[in-house]
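This is the structure I have questions about; it appears just below.
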Amino acid sequence: MQSISSALNDSLIGKEVELRGWVYRIRSTAKLCFVVLRDSSNIIQCVGKIDELGEEKFKILSSLTIESSLSLKGIIRKDERAVTGYELNISDYYIFCRNVNFPVSKDISEDFELDNRHLWIRSREFTAVLKIRSTIFKAFSDFFYENGYYQVQPPMMVSTATEGGSTLFKVPFFGEEAYLTQSSQFYLETFIFSLEKVFTISPSFRAEKSRTWRHLTEYWHAEGEVAWIGNEEMMDIEEKMIQYIIKAVLDQNMDDLKILNRDLEPLKDSLKPFKRMTYDELISQSESLGMPLKYGDDLGADEERKIMSNFTRPLFITHFPSELKTFYHRPDPENPNLILCHDLLAPEGYGEIIGGGERIWNLEELQQRIRDNGLKEEDYYWYLDLRRYGSIPHSGFGLGLDRLAMWIMHLDNIKKAIPYPRTIRRLKP
RNA sequence: GCCGCUGUAGCUCAGCUGGUAGAGCACCCGCCUGUUAAGCGGGCGGUCGUCGGUUCGAACCCGACCGGCGGCGCCA
């Protein structure tokens, strides 16, 4: 028994192999039957002949249905007419499950595809998506392991919000109320006093009633927090990290990118240095970028899309006005109205994939900002403790892995980048 | 929360100014000398989202309700 991709090999020509998998396509004539077999690795055309199998076995084989499961034995042959260049001449087979009817056919809507995601997951397209996602998740971790970081595991059930505006999911908690985390940032900050350089990949939950092409209720949040560094160094690290991930995908997933018809140029271009622009510079250039903005305007979806359709590699926007960002961001000592932070916008119109920057590390300053935002100090007692005991300068970031995946694969909706999307109206399958 | 759209066969859709429902695909049966989600012939398959109203008559007009989709805000 071997994988289909390993069977597509000149050294096996004329040899008998046994393959197993699922019926990807099936066509038959009176005396010939073509079963295109699929497994996790690839597809191969297998041909059954009535003369060789006998009438009975031929009839059963040729009446198989899409996605039925079977194993096949036969001789490998090179054949230009076959989809992947090789063909298996079936000498015998065993059927595990003959399907009555596989619901996923060639005419399906995006909605039907989502209702049947548990079956759509078998499609070649989604198999490619899953393989690329796997590379992205691994590459993210590898990058940080290779650079001396520790992976940590923050809690998912928490007692307070990280960011004021976001809506939280309430969960019953032994007579109390708990919430599902919307960001692990504050917990990551606690870890740096022990490990200095930490990262995590964990889910974040947002109960906002968002209905957009790039929001999920549950998403995979890749976060990092680093002791002793500032905004610029943080961006240096993120840039290398993104490039490391893209390089891994280009190295390992060329076949999958091809199945998705991904234009490789923007990915290759993103291996070159990223441009950095202050919010001020962005506003003054906004007219020539096709999206006139006034000082104080936040970047919405439309703004980001228009601006980023001018770029083929990611762009850092830095130094936002303080009123546009949440309380924990550190103001620039030389200009307290601006914040030492950054967003990383993905090119080709995709927009924000990372938010990050320096954290306020002075106790009084942080207390002031909490009060200014109408929040209660008691709720943040442990976060404030970090500024009481051995506080240090530090920076961090949060990356939306599903958004990154969506851009890398050039998908038009984030729901196509995650196997089981959770949105305001979708909890199944 | 706001704006727009939508609901007809398992799937994708058509159905005119109201006259009791149609195609392609899937599935089943048959035919076919190598097919590329093949071709030909036949078959199965519908309380037209729900309830009410108008009408001799409603998939179609009106109302209410229910479900779904897209976009914005919020963010990653």
Side-chain angles (χ1 to χ4, degrees), chain A residues 23-36 38 43-51 59 62-67 77 79-85 87 89 98-116 119-120 123-124 162-167 182-185 201-223 298-305 324-326 343-346 350-356 397-407 412-415 417-418 423-426:
Chain A
V23 174
Y24 179 66
R25 301 281 184 270
I26 184 152
R27 300 174 277 271
S28 61
T29 65
K31 293 176 178 171
L32 286 166
C33 159
F34 301 93
V35 177
V36 180
R38 168 187 79 72
I43 57 176
I44 184 173
Q45 175 163 290
C46 307
V47 59
K49 298 172 179 164
I50 196 164
D51 305 341
K59 203 176 167 186
S62 63
S63 71
L64 270 185
T65 48
I66 299 282
E67 286 301 318
R77 207 182 37 231
D79 197 313
E80 285 179 353
R81 296 168 294 186
V83 262
T84 41
E87 190 172 78
N89 194 69
R98 184 189 185 281
N99 299 339
V100 175
N101 191 353
F102 190 66
V104 179
S105 65
K106 66 172 180 174
D107 292 316
I108 57 166
S109 59
E110 289 186 5
D111 194 30
F112 185 82
E113 183 188 309
L114 283 163
D115 288 338
N116 293 279
L119 301 174
W120 177 246
S123 66
R124 278 197 111 194
T162 311
E163 325 213 355
S166 302
T167 325
Q182 56 186 192
S183 164
S184 296
Q185 179 197 320
I201 297 179
S202 36
S204 282
F205 305 89
R206 303 274 163 105
E208 291 132 6
K209 294 181 175 174
S210 293
R211 297 182 59 82
T212 81
W213 61 284
R214 58 178 191 170
H215 284 88
L216 290 168
T217 293
E218 174 187 78
Y219 67 98
W220 287 90
H221 210 167
E223 293 170 280
D298 203 355
L299 271 53
D302 292 345
E303 290 79 12
E304 286 185 7
R305 201 192 305 239
L324 293 182
K325 291 288 173 184
T326 38
D343 282 359
L344 182 67
L345 308 186
Y350 279 85
E352 185 173 3
I353 54 173
I354 287 179
F397 72 92
L399 161 69
L401 280 176
D402 313 286
R403 282 193 181 177
L404 175 65
M406 171 170 62
W407 165 56
D412 62 11
N413 193 301
I414 199 163
K415 286 182 274 192
I418 183 169
T423 64
I424 175 170
R425 283 200 179 77
R426 189 169 291 281

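What you see below is based on every heavy atom in this structure, not just the backbone, and it leaves out hydrogens, waters and symmetry mates. Just so we're on the same page: letters track the sequence lines, and every chain starts at 1.
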_Assigned partner base of B:A59, Watson-Crick or wobble definition, under 3.5 Å_ = none
*Could you check how far CG of A:Asp343 sits from C1' of B:C75, rounded to whole Å?*
10 Å
*Return the value, rounded to whole Å, for the distance between atom NE2 of A:His215 and atom C1' of B:C72.*
11 Å
_Given the ring of A:Trp407, does A:Arg214 sit roughly above its face, with NZ or CZ under 6.0 Å from the centre of the six-membered ring and within 45° of the axis?_
no
*asked:* Classify A:Leu32 by what it touches in the nucleic acid, base, sugar-phosphate, or nothing, heavy-atom distance under 4.0 Å.
replied: base
*Of A:Leu114 and A:Leu216, the one whose closest RNA chain B nucleotide lies more 5'*: A:Leu114
*Side chain of A:Gln45: nearest nucleotide among B:C27, B:U36, B:A76?*
B:U36
_Pair assignment for B:C2, Watson-Crick or G-U wobble, requiring both distances under 3.5 Å_ = B:G71
*Would you indicate, yes or no, if B:C25 has its OP1 or OP2 atom less than 4.0 angstrom from a side-chain nitrogen or oxygen of A:Ser105?*
no
*Has A:Phe34 got its ring stacked on the base of B:G34, with centres under 5.5 Å and planes less than 30° apart?*
no
*Return no unless some side-chain N or O of A:Lys415 is found under 4.0 Å from OP1 or OP2 of B:G70.*
yes
*Nearest whole angstrom, please: distance from the P of B:C75 to the OH of A:Tyr350.*
22 Å
*Give A:Val100 one of three labels, base, sugar-phosphate or nothing, depending on what nucleic acid heavy atoms sit under 4.0 Å from its own.*
sugar-phosphate
_Taking the minimum atom-to-atom distance to the side chain of A:Arg27, which one of B:A76, B:G34, B:A38 wins?_
B:A38
*What is the base-pairing partner of B:G7, counting Watson-Crick and G-U wobble geometry with both distances under 3.5 Å?*
B:C66
*Nucleotide B:C27, atom P - distance to NZ of A:Lys106 in whole Å*: 11 Å
*Please state whether the phosphate of B:C28, meaning OP1 or OP2, lies under 4.0 angstrom from any side-chain nitrogen or oxygen of A:Arg98.*
yes
*Nearest to the side chain of A:Arg211 - B:G70, B:C27, B:C75?*
B:G70
_Rounded distance (Å) that lies between atom C1' of B:C2 and atom CD of A:Glu208_ = 15 Å
*Pairing partner of B:C27 (Watson-Crick or G-U wobble, both distances under 3.5 Å)*: B:G43
*State whether the number of non-hydrogen atoms from other residues, nucleotides or ligands found under 6.0 Å of A:Lys49 atom NZ is greater than 12.*
yes
*OP1 or OP2 of B:G34 under 4.0 Å from side-chain N/O of A:Arg81*: no
_I want to check something: taking the side chain as every heavy atom from C-beta on, are A:Phe34 and A:Arg25 in contact at a cut-off of under 4.5 Å?_
no
_Suppose we call a contact any N or O donor and acceptor under 3.5 Å apart; does that hold for the side chain of A:Lys49 and the base of B:G34?_
yes
*Looking at the side chain of A:Asp298, which of B:C75, B:G34, B:G68 is the nearest nucleotide?*
B:C75
*Can A:Leu216 and A:Asp402 be said to form a side-chain contact (heavy atoms from CB on, under 4.5 Å), step by step?*
CA-CA 9 Å; A:Leu216 290 168; A:Asp402 313 286; 4.2 Å; yes
_Please confirm whether the shortest side-chain N or O distance from A:Lys209 to OP1 or OP2 of B:G1 is below 4.0 Å._
yes
*Between the base of B:G73 and the side chain of A:Ser210, is there any donor-acceptor pair under 3.5 Å?*
yes
*Distance in angstrom units between A:Asn413 CG and B:C72 P, rounded*: 10 Å
_Rounding to an integer number of Å, can you tell me how far A:Gln182 CD sits from B:A76 P?_
9 Å
*Which nucleotide in the list B:C72, B:A76, B:C69 gets nearest to the side chain of A:Arg425?*
B:C69
*Side chain of A:Ser109: nearest nucleotide among B:U12, B:C27, B:G34?*
B:U12
*Of the candidate nucleotides B:C74, B:A38, B:C27, which contains the atom at the shortest distance from the side chain of A:Thr212?*
B:C74
*If each of A:Ile353 and A:Ile26 is mapped to the nucleotide of RNA chain B with the nearest heavy atom, which maps nearer the 5' terminus, i.e. the 5' end?*
A:Ile26
*Of the candidate nucleotides B:G73, B:G34, B:U12, which contains the atom at the shortest distance from the side chain of A:Phe112?*
B:U12
*Among B:C32, B:C69, B:G73, the one nearest A:Ala301 by side-chain distance*: B:G73
*Mind calculating the distance between CD (A:Glu113) and P (B:G70) to the nearest angstrom?*
11 Å
_Looking only at the side chain of A:Arg77 (C-beta and beyond, no hydrogens), which of the listed nucleotides B:C69, B:A26, B:G34 gets closest?_
B:G34
